[in-house]
Amino acid sequence: MARICDLDEAIAGIEDGALLAIPADYAGNAMTATRALIRRGVKELRLLTVPTSTLQAELLIGAGCVAALETSAVGFGELGSAPRFTAAVKAGTLPIKDATCPAIHAALRAGEMGNPFGPIRGLIGSDVLANRPDWRVIQNPFPPHDPIVVVPAIRPDVALFHAAMADRAGNVWIGRRRDLFHIAHASMRSIVTVERIVEDNLLQDETLAPATLPSFYLDRIAVAPRGAWPLKFGSEYEEDTQHILAYIRQAATEEGFRRYLDEHVFGLVAA
Amino acid sequence: MARICDLDEAIAGIEDGALLAIPADYAGNAMTATRALIRRGVKELRLLTVPTSTLQAELLIGAGCVAALETSAVGFGELGSAPRFTAAVKAGTLPIKDATCPAIHAALRAGEMGNPFGPIRGLIGSDVLANRPDWRVIQNPFPPHDPIVVVPAIRPDVALFHAAMADRAGNVWIGRRRDLFHIAHASMRSIVTVERIVEDNLLQDETLAPATLPSFYLDRIAVAPRGAWPLKFGSEYEEDTQHILAYIRQAATEEGFRRYLDEHVFGLVAA
Amino acid sequence: METREEEVLIGVIHRLIQGTGHIAVGANSPIPAAAAFLAQALAPPGPIVSLQQSPENNLWTDGGRELFDCASQGRIDVFFFSGAQIGGQGDINLVAIGDYKSPKARFPGSYGSAHLYFMVPRIILFRTEHSRRTLVETVDFVSAPGVSAPGVYRRGGPVALVTPLCHFAFDKAKGRFRLETVHPGHTVEEVLDNTGFAFDRPEAAPVTPALGADAMNLLRGTVAEKIARIYPKFGSDVWGLQERSMA
Amino acid sequence: METREEEVLIGVIHRLIQGTGHIAVGANSPIPAAAAFLAQALAPPGPIVSLQQSPENNLWTDGGRELFDCASQGRIDVFFFSGAQIGGQGDINLVAIGDYKSPKARFPGSYGSAHLYFMVPRIILFRTEHSRRTLVETVDFVSAPGVSAPGVYRRGGPVALVTPLCHFAFDKAKGRFRLETVHPGHTVEEVLDNTGFAFDRPEAAPVTPALGADAMNLLRGTVAEKIARIYPKFGSDVWGLQERSMA
């Protein structure tokens with residue numbers, strides 16, 4: 001069962017070398033916790049983005065916390081590319097497994113089901129597949145007996161994400177961002193930051209229970225108000241686009257990135 | 001997109017011979033619609049219980065509407081066995097595919113994912129597997145390369161279930177009974193009865209949206225107050241245990257079952 | 001108040017689930033549920049107990065498949081099964097007596113057994129009828145086999161069989177039951193007479209230990225009340241607690 | 001008001017999605033979104049349009065995987081992709097320029113393309129830079145191939161490529177693009193000069209037809225307002241609509 005603790009104790013559950021799963025930036029990103037992880041100097045993370053990431057992967061990569069990355073995309077969409085991710089891949093210092101979104105979902109789903117693998121159509125003839133020796137092509141055992149890709153299950157050591165609220169029993173209300181269920185189900189344990197703690201048991205409220213992740217999937221929960229900043233969080237707050245644009249400009253150089261870390265990670269603790 | 005219509009028009013979407021999926025009796029059973037189907041004289045249904053059933057499968061089987069059955073169990077638990085199901089299987093008049101709950105979930109999940117098949121551990125050495133020539137044992141393509149059962153995907157022609165409420169756009173609030181999502185996702189289309197229609201769009205309410213099935217999975221929606229009676233429905237009403245006990249006693253004989261149908265299906269329309 | 005048969009079974013199951021983390025209880029299983037709640041009450045918070053019918057213990061929010069997913073992943077430590085027949089090699093039959101294609105008796109079906117029996121480390125079998133009809137050398141239909149060939153992925157299986165007469169342990173290596181204890185008021189001879197399968201036994205089988213006084217008080221107090229809210233008929237039959245409507 | 005380049009592209013895409021049932025729009029795609037909303041506005045209720053960023057058009061309640069599930073099942077009829085490079089055989093590259101292991105340029109990644117490109121019947125490619133750098137004979141990294149070998153399961157793929165200069169159709173059988181229309185103000189020579197891949201073309205390529213007056217009025221009216229709520233910058237740039245905060 002999950003216990004509620006302070007932020008540093010919560011992130012202590014993420015060990016150096018862990019296979020860490022983080023959600024896409026529409027789902028609820030534990031950015032306050034990510035900054036705390038960087039301050040702690042977490043090392044050698046094997047990072048899995050489910051299935052893509054923006055600032056969260058970018059900061060961990062830039063700060064040198066990531067030994068290996070599996071992703072379907074790291075970038076800021078219309079706002080621009082992810083400078084530290086791009087630099088690390090070009091420099092050859094970041095071993096990367098390029099995936100495609102539904103292949104990451106398929107691997108996690110196999111993990112969620114306790115299956116050793118899962119099939120996924122498509123991919124054949126792509127360089128995505130050509131560069132994934134850990135995936136296999138088998139013959140579909142049923143008609144039309146076509147060649148089909150199978151990916152091994154992924155069970156991350158730990159999932160890290162941000163949600164709206166937890167109750168005293170350690171249940172967490174996820175709301176509409178069902179990705180967080182899928183990541184938590186697949187992972188060995190989850191570490192979660194929340195906007196607030198509520199007094200009533202979420203699983204006993206018929207309206208809230210359907211979107212509540214039961215405590216037994218979770219390990220540690222810490223309160224972190226505005227814990228997804230500067231990213232959007234559900235219907236609670238919007239992305240801080242100006243901050244992200246400033247980040248992209250500043251992180252164009254290693255020196256600029258270091259100044260960003262000094263100011264926003266090591267300096268004042270972001271509210 | 002779904003349209004809201006009357007009950008007879010809704011069940012007209014279930015054609016003779018359809019592969020019909022129905023949920024287990026904790027999830028929301030469209031019993032008023034099932035009685036209407038029997039009155040209409042639906043024929044040759046291939047019935048899939050997801051993964052088990054009680055009175056709903058029993059009535060359809062007893063009334064002669066079912067040409068083939070796939071199930072993990074049909075019975076009333078502590079209350080007793082399902083007399084018409086039992087009689088039909090013993091008489092050899094009901095072709096049955098005996099499954100196990102998670103194999104039905106695995107097949108529907110493969111259907112939900114658009115995959116041709118899905119793996120499931122266990123089963124090897126059982127007579128469940130021995131009697132399922134439609135399932136295969138393959139070698140796990142990954143270590144430990146163990147033999148593993150794969151089941152072909154199931155995409156039911158139509159799912160039939162009961163839910164609490166629909167909005168005017170045809171979205172349906174499922175609540176905690178997530179099985180109904182899984183069945184609807186896997187099925188080609190769904191026909192749903194609801195306790196009530198609400199005026200506000202369910203997908204635009206952040207508290208209700210997470211447990212709302214979007215309209216595009218649905219075909220027809222009819223209002224049927226107390227539409228799961230005599231079965232339990234969520235937190236809205238309890239099982240009518242006395243009715244079910246009386247059913248089990250009465251349906252011990254074919255004549256008794258016919259009297260039950262006359263009274264509760266063809267006679268007065270159950271409230 | 002004399003110890004009732006149900007309380008003896010609850011006591012045996014309570015010992016069998018010591019030290020486990022997550023106990024899942026299937027439909028209509030008041031005896032296992034009582035043992036699990038007793039474990040929670042004796043050393044709070046105790047194991048996680050999930051039980052779909054009980055609003056306070058329904059931990060599931062991803063539909064019926066979530067239990068099987070969790071079992072497959074290794075998140076569930078204990079589950080319970082019964083069987084129309086239980087075989088001497090630990091096989092259970094939940095389907096048919098006689099020929100499968102034209103059975104003499106037909107039961108509801110295998111439920112999740114063909115999967116959970118492989119995946120949950122501690123499966124506890126319980127059968128409220130101890131007879132040569134129910135405990136047989138070979139079952140007519142294998143819903144789930146007690147043991148598997150080498151190379152078949154298997155992390156779970158039966159560990160014990162509890163009946164109104166005795167407690168058998170299951171020896172995975174031998175694929176055989178072994179008599180552990182005989183319940184108060186019953187004898188080894190009675191067990192031998194009423195068991196259709198061969199089993200190992202010690203020279204003198206000990207008597208099934210009773211629950212300690214503290215445990216029995218808790219069982220008859222808060223645990224019984226909790227059970228009666230979920231299973232009113234069982235609460236009334238065993239402890240004379242008045243049925244309360246849950247509507 | 002003169003017809004803007006964006007409006008021409010919206011017009012082409014609008015014609016390409018006629019008669020489809022469910023149009024899914026990915027992140028940051030105001031032009032495809034406008035075409036889809038225009039189809040809804042012209043013949044209500046029109047196609048289903050799902051768009052995660054828009055509260056009124058977010059139809060997803062099962063997380064990010066639901067789009068891919070639906071595409072795999074055949075529930076999605078139209079999707080849109082761009083590419084750092086688009087190859088003459090319909091391949092798209094969303095990953096790297098140069099050697100994959102030590103690239104000259106690196107892009108975010110393949111997103112869902114390696115799967116959706118096989119599963120969605122009508123993939124419409126759009127690229128806002130029409131140059132020999134972006135439209136190449138052979139891409140450096142195949143995120144998703146335009147055509148597949150016989151026997152590979154495939155129900156979808158590219159049907160068209162829309163650029164600021166022209167509209168190409170994709171011929172699946174030949175694995176080649178064919179010039180369909182050239183946008184007003186541009187010429188076939190301009191297309192030839194700026195395209196790195198060989199393509200088929202008619203003797204005289206017609207001019208891309210403009211949207212009809214009714215459609216244009218709708219586009220600049222209710223559709224533009226809807227787009228501006230989701231993509232404030234695009235609404236302001238193209239139609240001069242004032243940005244409104246969505247907070």
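Just so it is clear: chains get the letters A, B, ... in the order the sequence lines come, proteins before strands, and each one is counted from 1.
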Q) Where does B:Val137 contact chain A at under 4.5 Å (heavy atoms): side chain, backbone, both or neither? A) neither
Q. Is there a side-chain contact between B:Arg176 and A:Thr212 (heavy atoms, below 4.5 Å)?
A. no
Q: Heavy atoms only: give me the nearest A:Pro141-B:Arg136 pair and the separation to one decimal.
A: O-NE, 3.8 Å
(Q) Strictly less than 4.5 Å between heavy atoms, which residues of residues 114-127 of chain B line up against chain A? Please order them by number. (A) B:Gly114, B:Asn115, B:Pro116, B:Phe117, B:Pro119, B:Ile120, B:Arg121
Q. Does CD belonging to B:Glu44 count more than 12 external heavy atoms closer than 6.0 Å?
A. no
(Q) Heavy-atom pairs under 4.5 Å with chain B: which of A:Ser235, A:Pro152, A:Ala110 has the most? (A) A:Pro152
Q) Does CG belonging to A:Asp205 count more than 12 external heavy atoms closer than 6.0 Å? A) yes
Q: Under 4.5 Å heavy-atom distance to chain B, tell me which part of A:Ile174 shows up: side chain, backbone, both or neither.
A: neither
Q: List the atom of A:Pro210, the atom of B:Ala211, and the distance in Å for their closest heavy-atom pair.
A: CB-CB, 3.6 Å
Q | Residues, nucleotides or ligands: over 12 heavy atoms within 6.0 Å of B:Met188 CE | A | no
Q: Could you tell me which portion of B:Leu208 (side chain, backbone, both or neither) has an atom closer than 4.5 angstrom to a non-hydrogen atom of chain A?
A: side chain
(Q) Counting only non-hydrogen atoms closer than 4.5 Å, does B:Asp134 touch chain A with its backbone (N, CA, C, O), its side chain (CB onward), both, or neither? (A) backbone
Q | Distance, nearest 0.5 Å, that separates CZ of B:Arg109 from CD of A:Glu112 | A | 5.5 Å
